[in-house]
S.K.: 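Got a structure here, written out as structure tokens. Questions coming.
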Amino acid sequence: MELLDAIRRRKTTNGPFLPDPVSEHHQRLLMEVAGRAPSQLNSQPWRFVIIEDRAMIGRIAKISGSSMTEAMSNGTFFERYKPYFRFSAEEMERSRDGMLFDKLPPAVRPFTSQAFTKRGQKLMNALRIPQTLGSENRKLVAGSPLLLGVMLDRKEYRPGQLSSFYSIFSMGAAVENIWITTVELGMGIQFVSFPMEVPEKWAEIERLLAVPDDLQLMAVFRLGYLPPDQRRPAIDWSSHQRKLPSQYVFRGTCSTPQTGWDSAGF
Ligand SMILES: Cc1cc2nc3c(=O)[nH]c(=O)nc-3n(C[C@H](O)[C@H](O)[C@H](O)COP(=O)(O)O)c2cc1C
């Protein structure tokens with residue numbers, strides 16, 4: 001597969017994976033491409049933990065689902081990320097960024113535009129929507145053949161210092177290499193970030209994975225092979241929209257947006 005094609009097809013998998021285990025060959029390949037990423041002074045600050053044990057995946061899935069329920073029912077999730085929520089294709093077309101909530105559970109659909117107001121929150125809680133979403137999230141994570149924990153070396157990751165930025169930057173490059181390679185391997189990948197919204201839950205995952213004191217758990221991903229027919233899952237907030245080059249590229253100085261590149265199909 002051409003690299004450009006893989007980059008264009010790269011996406012987040014919101015749905016289930018096939019139950020098949022990820023072959024050892026593919027696991028090694030994913031780790032190789034991660035390790036080939038650039039890093040400041042060749043520090044290679046990333047570390048990975050590959051998790052295939054069903055019981056461990058089940059425990060992490062439970063934490064993920066309950067974190068989602070908690071962050072959604074106490075309003076922190078909506079409060080934190082409101083600026084990125086879109087409720088219509090027109091709104092999405094205008095901003096060309098954020099997440100389009102075009103697939104909410106049927107009970108809240110009529111109230112979609114108020115879903116994230118105080119009243120909407122009360123209604124969602126009364127209808128136990130956060131519990132429904134949390135349970136869907138738990139099932140998705142639990143059904144994944146492989147979880148991947150990404151850690152940073154605390155000698156590099158020192159919040160408040162420049163090295164912290166460098167190490168996060170380098171980790172991002174390593175993760176992007178993995179992400180693009182999943183396309184080539186017929187695999188999908190999704191960030192499991194809800195436990196990070198609830199610090200105690202994140203700490204629980206760190207304990208389960210025996211993350212040592214000199215490392216910091218930065219991310220958990222779920223990975224697996226993609227089923228041939230990918231129907232829209234219960235939780236599927238679409239975000240394939242992208243800004244136009246004139247919205248994020250400048251020419252010469254930052255006073256001049258790049259024009260003439262916003263061709264159709266972008
Ligand atoms: C730092 C970071 C955190 C993310 N957290 C989540 C997440 O919790 N759940 C999820 O499904 N996707 C998550 N994503 C994926 C983004 O939602 C996704 O990349 C974006 O919406 C664009 O969609 P695409 O990856 O399909 O192109 C995260 C991505 C990044 C870089």
Side-chain angles (χ1 to χ4, degrees), residues 6-7 9-37 39 44-68 71 99 134 136-153 157 167-198 201-206 208-211 215-227 230 233 235-237 239:
I7 292 173
R9 285 171 50 189
R10 184 216 57 79
K11 61 178 184 167
T12 293
T13 304
N14 294 334
F17 298 125
L18 293 175
D20 315 32
V22 177
S23 75
E24 196 184 339
H25 173 59
H26 287 169
Q27 293 182 19
R28 286 178 68 164
L29 212 54
L30 292 171
M31 291 300 95
E32 180 201 333
V33 296
R36 289 191 182 279
S39 59
Q44 303 172 59
W46 46 71
R47 304 287 182 274
F48 298 95
V49 52
I50 297 169
I51 306 140
E52 293 186 281
D53 178 70
R54 300 308 323 156
M56 178 67 90
I57 291 179
R59 282 197 282 274
I60 295 175
K62 209 165 153 207
I63 296 173
S64 181
S66 64
S67 318
M68 186 171 196
M99 313 287 288
E136 289 296 328
N137 177 271
R138 184 190 56 73
K139 279 189 254 169
L140 270 183
V141 177
S144 306
L146 188 147
L147 300 185
L148 183 68
V150 186
M151 294 157 293
L152 276 180
D153 185 340
Y157 178 70
S167 63
I168 293 173
F169 197 104
S170 309
M171 176 186 69
V175 169
E176 179 67 352
N177 279 1
I178 295 175
W179 212 316
I180 292 167
T181 304
T182 60
V183 183
E184 160 101 18
L185 304 181
M187 294 176 63
I189 179 168
Q190 186 181 29
F191 212 118
V192 180
S193 67
F194 266 96
M196 298 179 88
E197 303 288 336
V198 188
K201 304 271 185 186
W202 197 244
E204 220 175 307
I205 296 184
E206 287 192 305
L208 280 176
L209 297 178
V211 176
L215 298 180
Q216 164 76 45
L217 183 67
M218 303 297 290
V220 174
F221 291 90
R222 59 181 201 97
L223 291 94
Y225 296 107
L226 291 172
Q230 291 172 52
I235 312 176
D236 183 28
W237 301 330
S239 54

S.K.: With heavy-atom distances below 4.5 Å as the criterion, would you say the side chains of Trp202 and Leu217 are in contact?
M.R.: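 Sidechains of Leu217 and Trp202: in contact.
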S.K.: With the side chain counted from C-beta on, respond yes when Phe221 and Leu147 share a heavy-atom pair under 4.5 Å apart, and no when they do not.
M.R.: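 A side-chain contact is absent here, since even the closest heavy-atom pair is not under 4.5 Å.
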S.K.: Taking C-beta and beyond as the side chain, do Leu209 and Met151 meet within less than 4.5 Å on heavy atoms?
M.R.: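 A side-chain contact is absent here, since even the closest heavy-atom pair is not under 4.5 Å.
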S.K.: Rounded at 0.5 Å granularity, tell me how far CZ in Phe191 sits from OG1 in Thr13.
M.R.: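 If I round to the nearest 0.5 Å, the distance is 14.5 Å.
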S.K.: Give, for atom CE of Met218 and atom OG of Ser167, the distance between the pair rounded to the nearest 0.5 Å.
M.R.: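 Met218 atom CE to Ser167 atom OG measures 6.5 Å (nearest 0.5 Å).
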S.K.: Would you say that Phe194 contacts Val220 through its side chain, given a criterion of any heavy-atom pair below 4.5 Å between the two side chains?
M.R.: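 No - every pair of side-chain heavy atoms lies 4.5 Å or more apart.
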S.K.: With side-chain contact (heavy atoms from CB on, under 4.5 Å) as the test, would you mind laying out the steps for Arg10 and Glu176 before giving the verdict?
M.R.: CA-CA 10 Å; Arg10 184 216 57 79; Glu176 179 67 352; 3.8 Å; yes
S.K.: Working to the nearest 0.5 Å, report the span between CD1 of Ile63 and CD1 of Ile205.
M.R.: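 So the gap between those two atoms works out to 4.5 Å.
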S.K.: Between Ser239 (side chain) and Met99 (backbone), is there a donor-acceptor pair under 3.5 Å?
M.R.: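 It does not hold such a pair.
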S.K.: Would you name the heavy atoms of Ser23 and Tyr225 that are closest together and state the gap between them?
M.R.: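 Taking every non-hydrogen atom into account, N-OH, 3.1 Å.
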S.K.: Does Arg28 CZ have over 12 foreign heavy atoms under 6.0 Å away?
M.R.: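 Counting neighbours around CZ of Arg28, 12 or fewer heavy atoms of other residues, nucleotides or ligands fall under 6.0 Å, so no.
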S.K.: Donor-acceptor check, side chain of Ser64 to backbone of Ile60, threshold 3.5 angstrom: yes or no?
M.R.: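 No; zero donor-acceptor contacts below 3.5 Å.
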S.K.: List the atom of Ala37, the atom of Ala173, and the distance in Å for their closest heavy-atom pair.
M.R.: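 The answer is CB-C, 3.8 Å.
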S.K.: For residues Val22 and Gln27, report the shortest heavy-atom separation together with the two atoms involved.
M.R.: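 Answer, listing the atom of Val22 first, then Gln27: O-NE2, 2.9 Å.
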S.K.: The test is side-chain contact (heavy atoms from CB on, under 4.5 Å); show your working for Met187 and Ile178 and say whether it passes.
M.R.: CA-CA 10 Å; Met187 294 176 63; Ile178 295 175; over 6 Å; no
S.K.: Nearest heavy-atom pair of Ser39 and Ser170: which atoms, and what distance?
M.R.: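 Minimum heavy-atom contact is CA-OG, 3.3 Å.
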S.K.: Decide yes or no for Met68 and Glu197: does some side-chain heavy atom of the first lie under 4.5 Å from some side-chain heavy atom of the second?
M.R.: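 The answer is no; the side chains never approach within 4.5 Å.
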S.K.: Measure the spacing between CZ of Arg138 and OG of Ser66 and express it to the nearest 0.5 Å.
M.R.: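 One gets 10.0 Å once the value is rounded to the nearest 0.5 Å.
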S.K.: Please find the pair of heavy atoms, one from Ala174 and one from Ala34, that lie closest to each other, and give the distance.
M.R.: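 Answer, listing the atom of Ala174 first, then Ala34: CB-O, 3.5 Å.
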S.K.: Distance from Thr181 atom OG1 to His26 atom NE2, nearest 0.5 Å?
M.R.: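 Rounded to the nearest 0.5 Å, the OG1-NE2 separation comes to 10.5 Å.
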S.K.: Would a 4.5 Å heavy-atom cut-off, applied to side chains only, mark Glu24 and Ile50 as touching?
M.R.: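 Side-chain contact under 4.5 Å: no.
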S.K.: Rounded to the nearest 0.5 Å, what's the gap from CZ on Arg222 to OG on Ser144? Could you check?
M.R.: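 Interatomic distance, Arg222 CZ to Ser144 OG, rounded to 0.5 Å: 4.0 Å.
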S.K.: Could you check whether any side-chain heavy atom of Met171 comes within less than 4.5 Å of a side-chain heavy atom of Tyr157, counting everything from C-beta outward?
M.R.: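 No, their side chains stay 4.5 Å or more apart.
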S.K.: For salt bridge (charged side-chain N to carboxylate O under 4.0 Å, His left out), just list the numbers for Lys139 and Glu136, CA-CA rounded to whole Å, side-chain angles, deciding distance to a tenth of an Å, and then say yes or no.
M.R.: CA-CA 5 Å; Lys139 279 189 254 169; Glu136 289 296 328; 3.5 Å; yes
S.K.: Please determine whether salt bridge (charged side-chain N to carboxylate O under 4.0 Å, His left out) holds for the pair Arg36 and Glu32, giving the CA-CA distance in whole Å, both sets of side-chain angles, and the decisive distance to 0.1 Å.
M.R.: CA-CA 6 Å; Arg36 289 191 182 279; Glu32 180 201 333; 2.7 Å; yes
S.K.: Looking at every heavy atom in both Pro195 and Ser67, which two are closest together, and how far apart are they?
M.R.: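 Result for this residue pair: CA-OG, 3.4 Å.
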S.K.: Examine distances only and state if a side-chain atom of Trp179 and a backbone atom of Lys11 form a donor-acceptor pair shorter than 3.5 Å.
M.R.: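 Side chain of Trp179 to backbone of Lys11, a donor-acceptor pair under 3.5 Å: yes, one is there.
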S.K.: Going by heavy atoms in the side chains, are Leu30 and Leu185 under 4.5 Å from each other?
M.R.: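 Yes, their side chains come closer than 4.5 Å.
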S.K.: Is it true that atom CZ of Phe169 has more than 12 heavy atoms of other residues, nucleotides or ligands lying nearer than 6.0 Å?
M.R.: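 Counting neighbours around CZ of Phe169, 12 or fewer heavy atoms of other residues, nucleotides or ligands fall under 6.0 Å, so no.
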